[in-house]
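Notes to accompany the following structure.
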Amino acid sequence: MRLRLRTHLGPKAAARPRLLPWRAGDPAPLPDMPFTPGTARWREGMAIAPGPDWEKAGAAGMAVLPEGTRRAVLDARVLRPREAVAMALGALLRAPPGFRLDIWHDGEAAALVLLCRDARAVLKGVALARCLTAAPGNALTPKTFAKRLRRLEKLGIAVHVLGRRQLRAAGFGALLAVGEGSVNPPRLVVLRWRGRIAVPPLVLVGKGITFDTGGLCLKPAEGMEAMRTDMAGAAACAGAMLALALRDSPAPVAAVLPLAENAIGGTAYRPGDVITTLSGQTVEVVDTDAEGRLVLADALTYAVRAFRPEAVVDIATLTGAVITALGHHRAGLFGNDPPLAAALCAAGEAVGECLWPLPIGEGHRRDLESEMADIRQCATGRHQPDACHAAAFLREFLGETPPAWAHLDMAGMVDEPADRPPGAAPIPGGFGVRLLDALVASRFEDPHRT
Amino acid sequence: MPDILFVKPTLPRAGALVLPLAEGFTLSGLAKEADEATGGAIARGLEAAGFKGKKGQSCTLWAPGGHLSRVVAVGLGAVPDERGAEAAGGAAWPLISGEPEAMVAAEGLNAALAATLAFGARLRSYRFDKYRTKESAEDKPKLVRLTVASAEPEAARAAHAPLSAVADGVFLARDLVSEPPNVLFPEEMAERCRKLEKLGVEVEILGPKELKELGFGALLGVAQGSAREPRVVVMQWKGASKGGKGDGKAAPVAFIGKGVTFDTGGISIKPAAGMEDMKFDMAGAGAVIGAMAALAGRKAKVDAVGLVGLVENMPSGTAQRPGDVVKSLSGQTVEVINTDAEGRLVLADVLWYARERFKPRFMVDLATLTGAIIIALGHEHAGLFSNDDDLAQKLAAAGTAVGEGLWRMPLGEAYDKALKSDIADMKNVGGRPGGSVTAAQFIQRFIDTREGPMPWAHLDIAGTAWATKDSATVPKGATAFGVRLLDRLVAEHYEG
């Protein structure tokens, strides 16, 4: 993937397939064309794409390029810089790996250069998240995942990895319980971007189950292969950290990523086990397939203790219930801080990764009362509001004075969206990177914020 | 249901005395008198029990002396408010219902809160025991009269009158929802609506012949498997036009309820376990009927229409099949993929009819529509779907005020696409993902906006219509969720 700016086209570049934006009210680029936003047409070497949603126009234009196209020119002369980059971003998010796009413009390069840098950062972040999410469970284990994240050090991100021995010494009882059924032991990866503002950081927490068999509460065979994506939350956090570093964000941000494989074995944890979490609270395990909330519990405790953060946002492919609730068009949003929730919703709408608030009621917490431990991991029986239960569970692990916290249940957003433009390339994962990046940009980069 | 009397404070000579107390209380008024009459036993007893007046806290002191058989203290919370007074009344009820007489020492509360406390007790007193033939008198509540001592008994009585009408509406709805399905079927339920005529409601019943002539194809498709005939009941309360203020031409508010008196699922039959619960699949209709009774009972200055679609969903040789295509009243065709997604078919025709006939200011439908809403939200909130932010906000606020919580859920084109059918205008199901949202999208296709915006809200009450355990003002069983909410919505915004 490459994105470049140019003010002139040589003969070779002029001959390349072109993306041509079409603004409402302007004459049709070619006769007999209807102005239909969200769709594009391939005519005479041009993918003609109507606005005003330029990102969508870019995606639609990309979808109609002839198969095998590797390079194209975006004729952005009629667009403002922000519109041009939105269109390029929309196109490149749908583009095959290695695709090269030139933005052809006339003037105002300063604004374009900055916007392009940010767009490249986001594209790289999304690409990293997708690549991690698509990796099969045998290739991406907690160890190899952590190793992959070490490469971020080159970009100025501090990477700290806790192995099994350190986790045991520190008391990560929940993460260890989930991970110890596997021959691939768990890890906790901590990424830190210092930024330039001297304030407590925002901490991202991402669920990283590299493969989820369900454990002893084994999942059905059908569809289990998709469980390699059960680390998409951690991948989103890693992608967002990469984007922040590449665009040199002034905001201090950290990511805490609990990585484990939920496997079956003689050492696997059992339903009925009581485990002592890092927080000291005991948890009665009911369903070994509700493992995500356990690894997140320890990670949240660690995040709050280690960083005393301004805010914590966790993101996870956590429950099937959230898919029943919101389908594949919106992720569930829970939390304890309305301004943070509002900022997340706004960021989501801005980048097309939409959220919807869901409740944590008193009854949801009551449903988790345990007779033998401090809390039960989930409720039993049919028709349970499990996404709400999971959120109520996580809320218990924010410490004595909880920071602003939001929890994103993105289980429905791993598969490609059903509404992708016809013909567009499938996009495996990547949800969350742009959302978290936009959240940081909108809420955590102002040094004078109160 | 106990009679409620409001009197000037005088210490009772027998029975139970209820003391509603806020946090940091000192005994005063009747409470102090009683404490003195018992030689300080009440103060000592509350101290020993650790009673602090917190919300939800209660404590019973047996035979403290002074001829009182028991003293019941109930907590009001830090500052007595409407919700707290109601909950305190509800909490008191089971602790005093064994006494023939009881008095509430509410003279420290203002008249409105005293009335609300009595209302709470009455709401909790509901009992559906008509089919218990062997229950002895001893096991039944004995309390027939609850006396409320108030500094301003006249004002409290006046404040209680409309609440009493609302309680009547709640009880009516609970009765309808509790009735077994062999007793309550569409024809019987329609007949029970007729009782609203006594309150001044105009009641009109449409039978299968009329429905066929009008073209209620979707509703009739659901009903065709049952030996019981369907009904649509139209209830009109003209409180604004008849009450003087209106000219009879103002657009009414419209409430629409799903009334599947029993839902087997039809040919797409449900599993046996839990099927008995499906007698409450008419709870939306029950709530609408109860709300109409409440509005008429308290002579609300509003023009309101309530419409309920009543059917029984049964498998049989004449039942609708998966794969059938039905033509709805709107003219749109529906491919029936799952005969257990029948509620939306009933609502589709009734909503269309309501809009065409009454041109209402807005429409709110209530339905036990999807299991998915329980998985989404649980049992504390009903799902709220709306095409109008203002109406949604007013509904949510009314729900919060009366303790019937709503949670807004999304709508959107992306969800609507799941309803695409290969052979008809739409399918009746959109799959498991976002199941409640796609159900709402289906209903929205029958909100006619050709002649301008039609504010509409859909409340999915599948998780809130039935309670599996007691709460302060709602005993286990039928909750009548929606009656108080709709009544409050009207009272806050649409009267005068």
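Reminder, nothing fancy here: chain letters follow the sequence lines and each chain counts from 1.
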> What residues form a side-chain hydrogen bond (donor to acceptor under 3.5 Å, both in side chains) with R344(B), not counting sequence neighbours?
Replying inline: none

> Do you know which of P385(A), P357(A), G327(A) has the most heavy-atom pairs under 4.5 Å to chain B?
Replying inline: P385(A)

>> As an exercise: rank A325(A), A387(A), G332(A) by heavy-atom pairs under 4.5 Å with chain B and give me the winner.
In response: A325(A)

>> Do E380(B) and C388(A) make a side-chain contact, defined as non-hydrogen atoms from C-beta onward lying under 4.5 Å apart?
In response: no

>> Taking the side chain as everything from C-beta on, heavy atoms only, tell me whether V322(A) gets closer than 4.5 Å to W356(A).
In response: no

Using a cut-off of under 4.5 Å on heavy-atom pairs, state which of [options] scores highest against chain A.
{"options": "R408(B), H381(B), H379(B)", "value": "R408(B)"}
{"options": "S436(B), G274(B), P410(B), G378(B)", "value": "P410(B)"}
{"options": "I375(B), I373(B), I374(B)", "value": "I375(B)"}

> Relative to the ring of W405(A), is the ring of H407(A) parallel (under 30°), tilted (30 to 60°) or perpendicular (over 60°)?
Replying inline: parallel

> Pick from D386(A), D409(A), T324(A): which one makes a side chain to side chain donor-acceptor pair (under 3.5 Å) with T319(A)?
Replying inline: D409(A)

